[in-house]
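Data block below; observations after.
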Amino acid sequence: MGMIGTVNAAARKFLSQPHQLLIDGQWVASVGGQNFSVENPANGDTISQVAKGEAPDVDLAVRAARAAFEGPWSKISASDRGRLLWKIADLIEQNADELAQLESLDNGKPMTVARAADVPLAADIFRYMAGWTTKIAGKTFPLSVPYTPGAEYFAYTSKEPVGVVGQIIPWNFPLLMASWKLAPALAAGCTVILKPAEQTPLTALRLAQLITEAGLPKGVVNVVTGFGDAGAHLAQHPLVDKVAFTGSTEVGRLIVAAAAGNLKKVTLELGGKSPNIIFDDADLDLAIPGAANAIFFNHGQCCCAGSRLFIHDKVYDKVLDGIAKIAGSIQLGEGLDPATQMGPLVSREQLDRVCSYVKSGVDAGARVVAGGQSLGRSGYFMQPTILADTRSDMKVVREEIFGPVVVALRFHDDEDLLRQANDSEYGLAAGIWTRDVKKAHQVSARLRAGTTWINCYNIFDAALPFGGYKQSGWGREMGEEALNLYLETKSVCLLK
Ligand code: NAP
Ligand code: MG
């Protein structure tokens, strides 16, 4: 498949550069001197070369981050820290087209989507967190201390940065995940070693250039591109105070184990198998396209994808019909083509994984209502797929597929629905479609999920916390909650 869209001059220039590691403010080759190739999933072409960071590179980056944390970064005023974060947001916006193109070439997602969603959301989190830097404050407390009668104390808390943070991110929203991680850490005053996913390192590297351009002191943000071994070394590193991870639940468990050595703080943003519930009184003109978007946005490669679709008996056929029509009409193609609505999956591995899930569903008796096939051509394209008449014991209903595949389940009784919807090891998000406001709130309250969307789906905002119950994770991204996860509380008590 030839390239339909054109790569703009800025993106072309970036792709043609050698990509090294950012350590202590310098772009450097890896200690081992090796590189790895970055692939365009729309055609399998190599589009760039990136340094392969390993344990010794992580060690250097941790040392740089430690020095920056104890040195220059701790001396910058809260207001100036905010100003620097705001500048990063401005630079993201000024380079939005280039970032969207790089994201599309690296990940496969449509450039139009990256330009409309990923890039502005990335800028937004830096701007939101820029506002927080000057509002990080403790409290004072009236003490009584019963065993020191007569003594008076002045007591207060202060908020201090956790320290050196390792951040490990996945390939589904490379720029946005980097930004959701970096912005709160920097606002809190932490320094960072960022390990992007091996499949999609490019926009994190471009962001690191912009961060350098914004004027952050050297060593505050270090980027080590590489594979899982680099992430594992970072997660176990004794000089790292916290690790923040987004990715699979399986690797999340490894992160927890690795962090145990020095009991570093851990936050995790993991998988999901989110229920999306359409009641019989829903506005179907809203719910049908909404349910399609819930699963097909970003090719289903979303941790919060509405991947278990519960449809009330009375509207089951009509809803399935409507979503199947949408699935069949989605324009698959290369991400740079402005007409493309869905690009390729991120990698051959991911396509094979998704196809094997579809096969397992069909073998277990699910009915294919739409799609079901990969496109037999270059690139990792998968048809938007609907599996109907699934049962809760099927693998496709229990496990995260992380592709454009929704499983449909029928319900008629609300109690039974709630039991099934909560019958998952995950608890990231849920969707509720109904005209009955009271019911919407009641159902929301009973769903074990970190986010519930009512008559909408995939709505994100820098102010609104996002994260999981159960095995979907620990902690939250975005909002004040994310900031707090990069802060320690110090209690200070003074005898007056
Ligand atoms: P993953 O293995 O969890 O990768 C996420 C990040 O962790 C990557 O940067 C990865 O590096 C790194 N990593 C891998 N092994 C590590 C280790 N032992 N210690 C520390 N870091 C490590 O996810 P994946 O393999 O890309 O995708 C597999 C499945 O995970 C997907 O099919 C999907 O179900 C799920 N997933 C979920 C999310 C989410 O947002 N919740 C995102 C992506 C994937 P490498 O890139 O070098 O492996
Ligand atoms: Mg992996």
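Every number for a ligand or one of its atoms is a count from 1 in the order of the listing. We count residues from 1, following the sequence as given. Worth saying up front: this structure is predicted, and the values here are computed from it rather than measured.
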For Gly226, the atoms of ligand 1 under 4.0 Å from one of its heavy atoms are 47 (O)
The atoms of ligand 1 lying under 4.0 Å from a heavy atom of Pro196, numbered in the order shown, are 9 (O)
Any heavy atom of Ala230 under 4.0 Å from ligand 1? The part involved is neither
Separation between CD1 (Ile295) and CD1 (Ile386), nearest 0.5 Å, reads 10.0 Å
Closest to atom 19 (N) of ligand 1 (heavy atoms only, candidates Ala232, Ala305, Gly252) is Ala232
Original post:
For the residue pair Phe36 and Phe227, is the inter-centroid distance of their aromatic rings smaller than 6.0 Å?
Top reply: yes
* Between Asp59 and Arg63, does at least one N-O distance fall below 4.0 Å, as a salt bridge requires? -> no
Margin query: Can you tell me if Ala235 contacts ligand 1 (heavy atom of the residue under 4.0 Å from the ligand)?
Written below: no
Worksheet item: Between Pro170 and ligand 1, does any nitrogen or oxygen pair lie at a separation below 3.5 Å?
Response: no
For atom NZ of Lys470, is the number of surrounding heavy atoms from other residues, nucleotides or ligands below 6.0 Å larger than 12?
yes
Could you tell me whether ligand 1 has any atom less than 4.0 Å away from a heavy atom of Gly403? no
Quiz item: Can the ring centres of Trp180 and Phe460 be said to be less than 6.0 Å apart?
Solution: yes
At under 4.0 Å between heavy atoms, what of Glu250 touches ligand 1? The answer is neither
Separation between CD1 (Ile255) and CZ (Arg253), nearest 0.5 Å, reads 12.5 Å
Numbered in order shown, the ligand 1 atoms found under 4.0 Å of a heavy atom of Leu254 are 18 (N)
Minimal heavy-atom distance between Asn458 and Asn293, with the atoms involved, is ND2-O, 3.4 Å
Under 4.0 angstrom from ligand 1, any heavy atom of Gln199? yes
Note to self: Could you check whether Arg353 pairs with Glu349 (Lys NZ or Arg NE/NH1/NH2 to Asp/Glu carboxylate O, under 4.0 Å)?
What the structure shows: no
Run Arg398 and Asp393 through salt bridge (charged side-chain N to carboxylate O under 4.0 Å, His left out) and show every step you take. CA-CA 7 Å; Arg398 306 216 66 83; Asp393 62 325; over 6 Å; no
**Prompt:** Hey, does Gln350 sit under 4.0 Å from ligand 1 if you only count heavy atoms?
**Reply:** yes
Looking only at non-hydrogen atoms, the one of Phe227, Phe36, Phe402 nearest atom 36 (N) of ligand 1 is Phe402
In ligand 1, the atoms that come under 4.0 Å of a heavy atom of Gly271 are 41 (N)
Under 4.0 Å from one or more heavy atoms of Ile168, ligand 1 contributes atoms 6 (C), 7 (O), 9 (O), 12 (C), 20 (C), 21 (N)
Under 4.0 Å from one or more heavy atoms of Glu400, ligand 1 contributes atoms 33 (C), 34 (O), 35 (C)
Inset, instruction - Give yes if a backbone or side-chain nitrogen or oxygen of Trp171 is under 3.5 Å from a nitrogen or oxygen of ligand 1, and no if not. - result: yes
Between Asn35 and His19, is any side-chain donor less than 3.5 angstrom from a side-chain acceptor? no
Is Ile169 in polar range of ligand 1, meaning some N or O pair under 3.5 Å apart? yes
So the atoms of ligand 1 within less than 4.0 Å of a heavy atom of Gly231 turn out to be 19 (N), 20 (C), 21 (N)
Checking heavy-atom distances from atom 28 (C) of ligand 1 to each of Ala197, Ser248, Cys302, the winner is Ser248
Open item on the list: Regarding Asn276 and Trp433, do their side chains bring together a donor and an acceptor under 3.5 Å, going by distance alone?
Closed with: yes
For this session: Could you tell me whether some N/O pair between Gly228 and ligand 1 is separated by less than 3.5 angstrom?
Result: yes
Output for pair (Asp461 CG, Tyr128 OH), nearest 0.5 Å, gives 8.5 Å
Open item on the list: Counting only nitrogen or oxygen atoms and a 3.5 angstrom limit, does Leu270 reach ligand 1?
Closed with: yes
- Message: If the threshold is 4.0 Å, N to carboxylate O, is there a salt bridge linking Lys265 and Asp241?
- Response: no
- request: Run the contact test for Phe245 against ligand 1 with a 4.0 Å cut-off on heavy atoms, strictly below, and give the result.
  value: yes
The atoms of ligand 1 lying under 4.0 Å from a heavy atom of Thr246, numbered in the order shown, are 5 (C), 40 (O)
Ligand 1 contact by Gly272, heavy-atom criterion under 4.0 angstrom: no
task = Could you tell me whether the side chains of Asn172 and His299 share a donor-acceptor contact shorter than 3.5 Å?
result = no
